[in-house]
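It should be emphasised that the depicted structure is a prediction, and the values quoted were computed from it without experimental measurement. Heavy atoms only: backbone and side chains are in, while hydrogens, waters and symmetry mates are out.
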Amino acid sequence: MRLRVLFFGILRERLGRREDAIELPEGARVADLMAELAGRHDVFQLGAGSLRVAVNQDYVDDEHVLRDGDEAAIIPPVSGGSGAGIQTQTRRTRS
Amino acid sequence: MTLNRMTSEAIDLASLVEAVADPEAGATATFLGTTRRTNRGRLVLKLEYEAYDAMALAEFDKMTAEAARRWEICRAAVVHRTGVVPLGEASVAIAVSAPHRAESIEACHFLIDRLKEVAPIWKKEHFEGGEVWIGSLADCLHDHAPGEGGDGSSGH
(Lines give C-alpha, C1' and ligand atoms only; values in the text may rest on other atoms or scores of the structure.)
Protein backbone atom coordinates (compact mmCIF):
# COMPACT_ATOMS: atom_id res chain seq x y z
CA MET A 1 0.00 0.00 0.00
CA ARG A 2 1.02 3.55 -0.58
CA LEU A 3 0.95 6.30 2.06
CA ARG A 4 1.36 10.02 1.86
CA VAL A 5 3.60 11.02 4.77
CA LEU A 6 3.73 14.66 5.86
CA PHE A 7 6.55 16.42 7.72
CA PHE A 8 6.30 19.64 9.69
CA GLY A 9 8.46 22.10 11.58
CA ILE A 10 11.92 20.86 12.42
CA LEU A 11 11.37 17.59 10.52
CA ARG A 12 10.37 19.40 7.33
CA GLU A 13 13.40 21.64 7.69
CA ARG A 14 15.87 18.83 8.36
CA LEU A 15 14.51 16.65 5.56
CA GLY A 16 14.22 19.53 3.13
CA ARG A 17 10.75 18.46 2.00
CA ARG A 18 7.15 18.52 3.14
CA GLU A 19 6.11 14.99 2.23
CA ASP A 20 7.10 11.56 0.98
CA ALA A 21 5.20 8.75 -0.69
CA ILE A 22 6.02 5.55 1.17
CA GLU A 23 5.19 1.94 0.26
CA LEU A 24 4.50 -0.51 3.06
CA PRO A 25 3.15 -4.08 3.09
CA GLU A 26 -0.58 -4.55 3.66
CA GLY A 27 -1.46 -4.67 7.34
CA ALA A 28 1.42 -2.41 8.34
CA ARG A 29 0.97 -0.44 11.56
CA VAL A 30 2.16 2.99 12.60
CA ALA A 31 5.13 1.35 14.36
CA ASP A 32 6.18 -0.15 11.00
CA LEU A 33 5.98 3.25 9.34
CA MET A 34 8.16 4.77 12.06
CA ALA A 35 10.69 1.93 11.68
CA GLU A 36 10.76 2.51 7.93
CA LEU A 37 11.35 6.24 8.45
CA ALA A 38 14.03 5.61 11.08
CA GLY A 39 15.85 3.46 8.54
CA ARG A 40 15.80 6.28 6.04
CA HIS A 41 16.89 9.22 8.15
CA ASP A 42 18.60 9.75 11.52
CA VAL A 43 16.22 12.50 12.47
CA PHE A 44 13.50 9.90 13.16
CA GLN A 45 15.73 7.86 15.47
CA LEU A 46 16.86 10.84 17.48
CA GLY A 47 13.39 12.23 17.84
CA ALA A 48 11.54 8.93 18.22
CA GLY A 49 10.41 9.46 21.82
CA SER A 50 9.03 12.89 21.05
CA LEU A 51 7.12 12.23 17.85
CA ARG A 52 3.40 11.69 17.57
CA VAL A 53 1.59 10.44 14.48
CA ALA A 54 -1.74 11.54 13.05
CA VAL A 55 -3.48 9.50 10.38
CA ASN A 56 -6.05 11.32 8.31
CA GLN A 57 -5.85 14.18 10.82
CA ASP A 58 -6.44 12.15 13.98
CA TYR A 59 -3.79 11.25 16.55
CA VAL A 60 -3.20 7.49 16.61
CA ASP A 61 -0.92 5.13 18.54
CA ASP A 62 1.78 2.72 17.34
CA GLU A 63 -0.68 -0.15 16.94
CA HIS A 64 -2.98 1.69 14.54
CA VAL A 65 -3.32 -0.27 11.28
CA LEU A 66 -2.61 1.77 8.17
CA ARG A 67 -4.58 1.60 4.93
CA ASP A 68 -3.76 2.34 1.33
CA GLY A 69 -4.10 6.05 0.59
CA ASP A 70 -3.79 7.16 4.22
CA GLU A 71 -2.29 10.55 4.98
CA ALA A 72 0.12 10.12 7.90
CA ALA A 73 1.56 13.22 9.54
CA ILE A 74 4.66 12.96 11.72
CA ILE A 75 4.09 15.46 14.52
CA PRO A 76 7.12 16.87 16.36
CA PRO A 77 6.46 18.42 19.79
CA VAL A 78 3.82 21.07 19.19
CA SER A 79 4.34 24.67 20.28
CA GLY A 80 1.29 26.60 19.22
CA GLY A 81 0.24 29.69 21.10
CA SER A 82 2.72 32.02 22.60
CA GLY A 83 3.35 30.83 26.15
CA ALA A 84 5.43 28.02 27.61
CA GLY A 85 4.92 24.64 26.02
CA ILE A 86 2.91 21.86 27.60
CA GLN A 87 4.68 18.51 27.35
CA THR A 88 2.02 16.11 28.54
CA GLN A 89 2.15 13.54 25.79
CA THR A 90 5.75 13.63 24.74
CA ARG A 91 8.80 12.21 26.44
CA ARG A 92 11.53 14.56 27.49
CA THR A 93 15.17 13.65 27.76
CA ARG A 94 16.00 16.26 30.35
CA SER A 95 14.02 17.86 33.11
CA MET B 1 -21.05 26.42 12.19
CA THR B 2 -17.53 26.78 13.48
CA LEU B 3 -16.07 30.15 14.36
CA ASN B 4 -12.59 28.66 14.52
CA ARG B 5 -9.98 29.42 11.92
CA MET B 6 -6.35 29.61 10.91
CA THR B 7 -5.10 32.82 9.36
CA SER B 8 -1.94 34.32 7.93
CA GLU B 9 -3.20 37.83 8.67
CA ALA B 10 -3.00 39.91 11.84
CA ILE B 11 -5.61 38.86 14.42
CA ASP B 12 -8.39 41.29 15.24
CA LEU B 13 -9.67 40.55 18.75
CA ALA B 14 -12.64 42.92 18.43
CA SER B 15 -14.05 40.96 15.50
CA LEU B 16 -13.60 37.73 17.46
CA VAL B 17 -15.54 39.19 20.38
CA GLU B 18 -18.23 40.22 17.92
CA ALA B 19 -18.32 36.72 16.48
CA VAL B 20 -19.17 35.17 19.87
CA ALA B 21 -21.80 37.79 20.73
CA ASP B 22 -25.01 36.16 21.91
CA PRO B 23 -28.23 37.50 23.43
CA GLU B 24 -27.92 34.95 26.26
CA ALA B 25 -24.36 35.98 27.11
CA GLY B 26 -23.65 37.95 30.26
CA ALA B 27 -19.88 37.53 30.04
CA THR B 28 -17.21 37.23 27.38
CA ALA B 29 -13.70 36.06 28.29
CA THR B 30 -10.84 36.56 25.86
CA PHE B 31 -7.27 35.38 25.65
CA LEU B 32 -4.57 36.88 23.48
CA GLY B 33 -1.09 35.36 23.15
CA THR B 34 1.55 37.76 21.85
CA THR B 35 5.20 37.59 20.84
CA ARG B 36 7.39 38.56 23.78
CA ARG B 37 10.69 40.35 23.42
CA THR B 38 12.73 38.03 25.62
CA ASN B 39 12.79 34.28 26.15
CA ARG B 40 15.23 32.39 28.38
CA GLY B 41 17.65 35.24 28.19
CA ARG B 42 17.45 35.46 24.42
CA LEU B 43 16.49 38.64 22.66
CA VAL B 44 13.65 37.57 20.40
CA LEU B 45 13.41 39.17 16.97
CA LYS B 46 10.25 37.43 15.75
CA LEU B 47 8.33 34.16 15.89
CA GLU B 48 7.44 32.12 12.86
CA TYR B 49 4.53 29.68 13.00
CA GLU B 50 3.85 26.65 10.84
CA ALA B 51 0.70 24.52 11.06
CA TYR B 52 -0.94 21.41 9.71
CA ASP B 53 -3.89 23.63 8.95
CA ALA B 54 -6.65 21.13 8.27
CA MET B 55 -5.87 19.09 11.37
CA ALA B 56 -5.36 22.19 13.53
CA LEU B 57 -8.84 23.33 12.60
CA ALA B 58 -10.26 19.88 13.29
CA GLU B 59 -8.59 19.96 16.72
CA PHE B 60 -9.97 23.45 17.42
CA ASP B 61 -13.45 22.18 16.59
CA LYS B 62 -13.03 19.19 18.94
CA MET B 63 -11.78 21.52 21.69
CA THR B 64 -14.64 23.97 21.43
CA ALA B 65 -17.15 21.10 21.28
CA GLU B 66 -15.64 19.69 24.47
CA ALA B 67 -15.74 23.12 26.14
CA ALA B 68 -19.43 23.36 25.25
CA ARG B 69 -20.05 19.96 26.86
CA ARG B 70 -18.16 20.80 30.04
CA TRP B 71 -19.33 24.35 30.68
CA GLU B 72 -22.49 26.25 30.05
CA ILE B 73 -21.26 28.60 27.34
CA CYS B 74 -22.89 30.35 24.40
CA ARG B 75 -20.18 30.49 21.75
CA ALA B 76 -16.45 29.96 21.49
CA ALA B 77 -13.97 31.03 18.84
CA VAL B 78 -10.31 30.10 18.44
CA VAL B 79 -8.04 31.69 15.85
CA HIS B 80 -4.33 31.04 15.30
CA ARG B 81 -1.99 32.91 13.04
CA THR B 82 0.73 31.31 10.89
CA GLY B 83 3.81 32.78 9.26
CA VAL B 84 5.89 35.52 10.85
CA VAL B 85 4.39 37.13 13.97
CA PRO B 86 6.38 40.26 14.90
CA LEU B 87 7.03 41.41 18.48
CA GLY B 88 3.91 42.47 20.33
CA GLU B 89 1.52 40.97 17.78
CA ALA B 90 -0.87 38.13 18.53
CA SER B 91 -0.30 34.56 17.43
CA VAL B 92 -3.46 33.23 19.04
CA ALA B 93 -6.78 34.61 20.24
CA ILE B 94 -9.70 32.94 21.98
CA ALA B 95 -13.09 34.37 22.89
CA VAL B 96 -15.79 32.59 24.88
CA SER B 97 -19.22 34.00 25.67
CA ALA B 98 -21.37 32.52 28.43
CA PRO B 99 -24.34 33.46 30.59
CA HIS B 100 -21.98 33.89 33.58
CA ARG B 101 -18.36 34.91 34.04
CA ALA B 102 -16.98 31.79 35.75
CA GLU B 103 -17.91 29.53 32.83
CA SER B 104 -16.52 31.90 30.20
CA ILE B 105 -13.20 32.27 32.03
CA GLU B 106 -12.81 28.56 32.79
CA ALA B 107 -13.67 27.50 29.25
CA CYS B 108 -11.27 30.08 27.82
CA HIS B 109 -8.49 28.81 30.10
CA PHE B 110 -9.24 25.22 29.10
CA LEU B 111 -9.12 26.12 25.39
CA ILE B 112 -5.69 27.75 25.44
CA ASP B 113 -4.24 24.91 27.54
CA ARG B 114 -5.70 22.27 25.24
CA LEU B 115 -4.55 24.13 22.13
CA LYS B 116 -0.97 24.12 23.36
CA GLU B 117 -1.17 20.41 24.07
CA VAL B 118 -2.77 19.07 20.91
CA ALA B 119 -2.92 21.59 18.07
CA PRO B 120 -0.42 20.64 15.33
CA ILE B 121 1.26 24.04 15.25
CA TRP B 122 4.96 24.77 15.59
CA LYS B 123 6.92 27.92 16.20
CA LYS B 124 10.43 28.84 15.37
CA GLU B 125 12.00 31.54 17.47
CA HIS B 126 14.31 33.90 15.63
CA PHE B 127 16.52 35.53 18.24
CA GLU B 128 19.62 37.64 18.25
CA GLY B 129 22.34 35.19 17.27
CA GLY B 130 20.28 32.27 15.99
CA GLU B 131 17.03 30.45 15.62
CA VAL B 132 15.40 27.45 17.26
CA TRP B 133 12.28 25.36 16.85
CA ILE B 134 10.48 25.49 20.18
CA GLY B 135 9.86 22.00 21.55
CA SER B 136 11.87 19.18 23.07
CA LEU B 137 12.80 17.62 19.73
CA ALA B 138 15.06 20.61 19.15
CA ASP B 139 17.04 19.53 22.21
CA CYS B 140 17.42 15.98 20.90
CA LEU B 141 18.63 17.30 17.59
CA HIS B 142 21.22 19.60 19.13
CA ASP B 143 19.91 22.76 17.63
CA HIS B 144 22.32 25.58 18.12
CA ALA B 145 20.46 27.64 20.65
CA PRO B 146 22.31 28.85 23.70
CA GLY B 147 21.19 27.59 27.09
CA GLU B 148 18.46 25.02 27.22
CA GLY B 149 17.32 25.43 23.70
CA GLY B 150 13.94 23.98 23.18
CA ASP B 151 11.23 24.08 25.67
CA GLY B 152 10.60 27.67 26.47
CA SER B 153 8.69 30.00 24.39
CA SER B 154 8.33 33.57 23.61
CA GLY B 155 4.99 34.64 24.74
CA HIS B 156 2.87 36.19 27.31
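With a threshold of 4.5 angstrom between heavy atoms, B:A54 approaches chain A through its backbone and through its side chain.
Looking only at side-chain heavy atoms (C-beta outward), B:M55 and A:Y59 come within less than 4.5 Å of each other. Side-chain atoms of B:W133 and A:R14, non-hydrogen and from C-beta on, never get closer than 4.5 Å to each other.
Within 6.0 Å of atom CD in B:E128, 12 or fewer heavy atoms from other residues, nucleotides or ligands are found, so the atom counts as exposed in its surroundings. Heavy atoms of other residues, nucleotides or ligands lying less than 6.0 angstrom from CD of B:E72 number 12 at most. Heavy atoms of other residues, nucleotides or ligands lying less than 6.0 angstrom from CZ of B:R70 number more than 12. Atom NE2 of B:H109 has 12 or fewer neighbouring heavy atoms from other residues, nucleotides or ligands inside a 6.0 Å radius.
Listed by chain and residue number, B:K62 satisfy the side-chain contact (heavy atoms from CB on, under 4.5 Å) test with A:D58 (two or more places apart in sequence, or in another chain). The side-chain contact (heavy atoms from CB on, under 4.5 Å) search around B:A76 returns B:T64, B:I73, B:V96, B:L111, not counting sequence neighbours.
B:Y52 contributes no side-chain N or O that, together with a main-chain N or O of A:F7, makes up a donor-acceptor pair within less than 3.5 Å. Under a 3.5 Å cut-off, the side chain of A:S79 and the backbone N or O of B:K123 do form a donor-acceptor pair. No donor-acceptor pair closer than 3.5 Å links the side chain of B:W122 to the backbone N or O of A:I10. Of the possible donor and acceptor atoms, one in the side chain of B:H80 sits under 3.5 Å from a partner among the backbone N and O of A:G81.
Between atom CZ of residue A:R18 and atom CD of residue B:E50 there is a gap of 6.0 Å, rounded to the nearest 0.5 Å. Between B:I112 atom CD1 and A:S82 atom OG the span is 6.5 Å, to the nearest 0.5 Å.
Linking ILVMFWY residues whenever their side-chain heavy atoms come closer than 4.5 Å, directly or via other members, leaves B:L3 and B:L13 in distinct clusters. Under the 4.5 Å side-chain heavy-atom criterion for grouping Ile, Leu, Val, Met, Phe, Trp and Tyr, B:L45 is not connected to B:L47 through any hydrophobic cluster. In the hydrophobic clustering of this structure, A:I74 does not group with A:V65; members are Ile, Leu, Val, Met, Phe, Trp, Tyr whose side-chain heavy atoms approach within less than 4.5 Å, directly or through other members. Cluster annotation: B:F110 and B:I105 are assigned to distinct hydrophobic clusters (Ile/Leu/Val/Met/Phe/Trp/Tyr, side-chain heavy-atom contacts under 4.5 Å, transitive). Residues A:I22 and A:V43 are members of one and the same hydrophobic cluster, defined by side-chain heavy-atom contacts under 4.5 angstrom among Ile, Leu, Val, Met, Phe, Trp and Tyr.
Contact between B:E59 and A:Q57 at its shortest, heavy atoms only, is OE2-O, 4.3 Å. Residues B:V118 and A:V78 come closest through the heavy atom pair N-CG2, 4.5 Å.
Below 4.5 Å, heavy atoms of chain B meet no heavy atom from residues 32-41 of chain A. Chain A is approached within less than 4.5 Å, heavy atom to heavy atom, by B:S91, B:V92 from residues 85-95 of chain B, ordered by number.
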